[in-house]
Amino acid sequence: MRQSSFLCIATVGTLTATLTIIALFALVIINLQALTGRWSEDVQVRAYLEKPVRNAQADQLRKRLGSIDGVDEVEFVSREKAYSRMRQRLENADLLDGLSPEVLPVSFDISLASELRSREGVLELLPRIKAVLPNADLRYGQQWLERFESFVQMIYAAATVLGGFLLFATLFIVSNTIRLTLYARKDELEIMALVGATPFFIKAPFLLEGAAQGALGGGLSLGTVYLLYQAFFREGLGSLLFSIGGYEIHFLPASHQLAILGAGVLLGLFGSLSSLRKFVKIG
Amino acid sequence: MRQSSFLCIATVGTLTATLTIIALFALVIINLQALTGRWSEDVQVRAYLEKPVRNAQADQLRKRLGSIDGVDEVEFVSREKAYSRMRQRLENADLLDGLSPEVLPVSFDISLASELRSREGVLELLPRIKAVLPNADLRYGQQWLERFESFVQMIYAAATVLGGFLLFATLFIVSNTIRLTLYARKDELEIMALVGATPFFIKAPFLLEGAAQGALGGGLSLGTVYLLYQAFFREGLGSLLFSIGGYEIHFLPASHQLAILGAGVLLGLFGSLSSLRKFVKIG
Amino acid sequence: MNTEAMIRLYDISKHYRSDSAALANIDLRIDKGEFVYLTGASGAGKSTLLKLLFCAERPDKGQILIKGRNITRLKSREVPYLRRTIGVVFQDYKLMNSRTIFENVAFPLEVQGKRRIEVGKKVYQALKEVGLEERMSRYPLELSGGEQQRIAIARALVVGPDILLADEPTGNLDINVTLEIMELFKKANARGTTVVLATHSQEMIQRFPRRVLTLEGGALVRDESC
Amino acid sequence: MNTEAMIRLYDISKHYRSDSAALANIDLRIDKGEFVYLTGASGAGKSTLLKLLFCAERPDKGQILIKGRNITRLKSREVPYLRRTIGVVFQDYKLMNSRTIFENVAFPLEVQGKRRIEVGKKVYQALKEVGLEERMSRYPLELSGGEQQRIAIARALVVGPDILLADEPTGNLDINVTLEIMELFKKANARGTTVVLATHSQEMIQRFPRRVLTLEGGALVRDESC
Ligand SMILES: Nc1ncnc2c1ncn2[C@@H]1O[C@H](COP(=O)(O)OP(=O)(O)OP(=O)(O)O)[C@@H](O)[C@H]1O
Ligand SMILES: Nc1ncnc2c1ncn2[C@@H]1O[C@H](COP(=O)(O)OP(=O)(O)OP(=O)(O)O)[C@@H](O)[C@H]1O
Ligand SMILES: [Mg+2]
Ligand SMILES: [Mg+2]
């Protein structure tokens, strides 16, 4: 099949390009997910008490809070602890000169079960905490949390639409390309049928070819993404992102790599199959 | 050119698909940019003073701060103001019972010129403020700002790589598709040359066709993106995003719409041109 | 009429367009082992008639029996098996340009699942008979017009078909080669293959007189046995 | 040798593959207004020789003059203008399948920038001469083999070329149509067109005796004027 090397290159090239887009996209989304997942671990509720409590009472409250469904850990912050924390946070300790621990409120730091570490989770939990501490002032970094969350959500929503369209477009482009390559060989397909080949006999080699091209395209796209990852994401971004807290950008996990390869094979196979149906007609 | 309607549909379809991806991508990036631009307006520096100052002195400091290059506005927050702010912020005012305004530090709220409203800008400005207020404690919501910024930067970096690759892949896929459609008609191109057509005479209709297909693909992709925008982004996201502060997701501005159309025409034109060079050979 | 009928047409009509008939009301019987010329002016319907016989076109009206089997409404998955018993030399050759000469001639054998060695031997033999065994590894577009035509003939004969349909098989061949090809057809005919040969060449018919069917504007106007 | 030389070949050789020559050391002169047959067995090099004359192939060795002009090293942007003075009937017709018959025949006129009305008139006239004016709006694949061949002839003649190169132009035509086509060629020849006609048909040569060039294995072995 000498003359068809161009056709073969065209199919593999298109498969590679489209799968690379998908894979790059997945790479970005997976890392965003991991990063935001990590950050959301910081989400916690701080409950400022109306008035100071004794240690025994605090312990009792702590236990009750701890037994709430969705609460992970509870820490009691006494006045002394609050003072020393503030001291730690303020660079210039002189500021605290006029301040004695007595003026600071006591509080509970309530960390959440992982599935509740989001704005919604917090809102779900608040009434339960309120039930235990009816007069406490509950704070959870509203503004930033809300913004951050809506930001993440906007990105996910965009990613869903974009990703969905990307998958659809990939499917379309690849099957289109394969159809074009078969169109260029349609005389040959017709001749095969005319000299007595069954549809299966005609299609089998093209299907095999399609699957092989798909696998090749998938492999090449993984290679391309890996190179881009090495060149741009890992090093370049690592130095750009000053405070992602030791987060290292990952490459696609093995399961996703397999999925890309599998997608390549399926695209090649079904792209060929659907087009062959159009061009292989007997009698 | 009856038999070539399939070829025509293939080209226009691929152009539409790839340009839609590009346009969707641009839509998301533009809105992220607008949204983060708006949020960054909140970035400001608060300088807690070591000890209370008199009004006259505060006024003088305020002027000196205001004249710093990169400072937009300066507000003096007296003890009384700080106390009333805290009162406002805390739902449960009882907490403040033990607290008198005297224990609160006074501060300056310094808002930044728009071009400095980022972590880097703040870091650039800090020494200049320090020069005026050597003993003040300067705070600017480090942790969240840093995270938010690195997040945005990661997204931009990813968008750059993805977008760059997307452009490249689009170019490749479209020229590939056009080359395939011309490949399917290569006998005809050859015959034209054999009966005395000049390369220009052969190419001109294909170039026109390519440009027209490109324009059509560009138009269709804008239409598709507009539909997706109406269906998913505007309404759906609007209700999803609870606190983007009245931000409304925009459609692509006219300049970008024109750019997409132009890109379609250029892709169609150069895709045809480069492939024709390959298939139109005289003698 | 003691012999077995190989091809039987009952009132066959074929219209490509509604305004004109390519074939009209053809009744015809060709026996097993016959050698028949199909002649007529350009556009008379010769190729169309042949196309009906291997289901490349379907008639609008009438019935066609091949070896007693009605092929008019053959299911499309049965068509390949019919075609394997028929060798066809197409007027425009229909060679696969992306395959070598060897692969082209081998194709009908491979379709039937023949073993590789057998395929190789038969292909070589068929190519030798048309005098082109040396061109085996070339591609069709690297051959002259007449050489391509002979490859098409080799491909039709390589399977040892029950029926050979040859559409203008020597239109691009000089007289010497034509004589050799006719010898091949006669040999195949002698082995039992029923031959239907569409041609415009009176010279050929005179040199090898056989039964002649003449079409005119889609109608069978003459049927002369010699 | 008082007449002007139309085609002049000096020591022309052509190898498609290094091991065998398609044409070897051909010297040839064809005068303006001549009618020449090019004959020889299948694969002798007839089509190759014609291809060299309109720059579809380039010789490996030797020089070719057309109307006194050396075309051997013609720049590729000059080739179209040479081809416009030459009408070619290709052995495999080379019709554009996605264009109608009318568009196919009109194409060489459009290439020359002729006005629409003139194109329409000339195309109709040319199609009428080959008897296919009614097939004007069909596509090539909807015609019979012989009909396609006649379209190819109409396309070659429609421009009123200086030189007509016809490669086996009646291989798929019956004798009546062949006679009509030969009349067309003779008419064109009488109007001053130099005709070179490659054919394997001795019958044609006998009916219309003219100068005959015979190729054998790429060599010019005979040059007989009648
Ligand atoms: N696919 C088609 N669509 C429409 N008309 C067709 C088609 N094929 C053939 N015809 C018409 O049917 C008639 C018979 O065609 P056919 O090919 O059978 O002729 P033929 O006898 O083989 O002629 P030739 O000797 O020129 O090959 C012709 O008038 C032709 O124009
Ligand atoms: N493109 C090509 N590549 C390789 N060999 C070729 C090519 N075209 C022709 N040949 C070989 O060159 C020789 C001459 O071919 P040519 O087409 O000139 O023969 P011809 O005289 O026209 O024959 P015919 O009467 O069969 O058409 C043949 O042996 C052929 O196999
Ligand atoms: Mg025919
Ligand atoms: Mg030839």
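Below, read A as the first sequence line, B as the second, and so on, with proteins coming before strands; counting in each chain starts at 1. Because only heavy atoms are used, hydrogens play no part in the values below, and waters and symmetry mates are left out as well, while side chains stay in.
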message: Whether the side chain of D:R83 engages the backbone of B:A193 through a donor-acceptor N/O pair (distance < 3.5 Å, no angle test) should be reported.
response: yes
query: Taking the six-membered ring of B:F200, is NZ or CZ of B:K203 closer than 6.0 Å to its centre and within 45° of its axis?
result: no
- prompt: Is there any residue in residues 110-129 of chain D with a non-hydrogen atom under 4.5 Å from a non-hydrogen atom of chain B, and which ones are they?
  reply: D:E110, D:V111
- request: With salt bridge (charged side-chain N to carboxylate O under 4.0 Å, His left out) as the test, would you mind laying out the steps for B:R185 and B:E209 before giving the verdict?
  value: CA-CA 14 Å; B:R185 294 163 88 168; B:E209 193 182 294; 3.6 Å; yes
query: Going through the distances and angles, do D:K46 and D:D167 end up as a salt bridge (charged side-chain N to carboxylate O under 4.0 Å, His left out)?
result: CA-CA 8 Å; D:K46 304 182 291 294; D:D167 198 351; over 6 Å; no
message: Can you tell me which portion of D:R155 sits under 4.5 Å from chain B's heavy atoms? Options are side chain, backbone, both or neither.
response: side chain
field: Under 4.5 Å from a heavy atom of chain B, the part of D:L82 involved
entry: neither
Using residues 19-31 of chain B as the side-chain source, report each donor-acceptor pair under 3.5 Å to any protein atom, sequence neighbours left out, with the distance given to one decimal.
unit_1, atom_1, unit_2, atom_2, d
B:T20, OG1, B:T16, O, 2.5
B:N31, OD1, B:Y247, OH, 2.8
B:N31, OD1, B:H250, N, 2.8
B:N31, ND2, B:L27, O, 2.9
B:N31, ND2, B:H250, O, 3.0

- prompt: Just wondering, do B:E190 and B:K281 contact through their side chains at under 4.5 Å, heavy atoms?
  reply: no
field: Interface moiety of B:I191 toward chain D, non-hydrogen atoms closer than 4.5 Å
entry: side chain
query: If you measure from the Lys or Arg side-chain nitrogens to the Asp or Glu carboxylate oxygens, is any gap between D:R69 and D:E78 under 4.0 Å?
result: yes
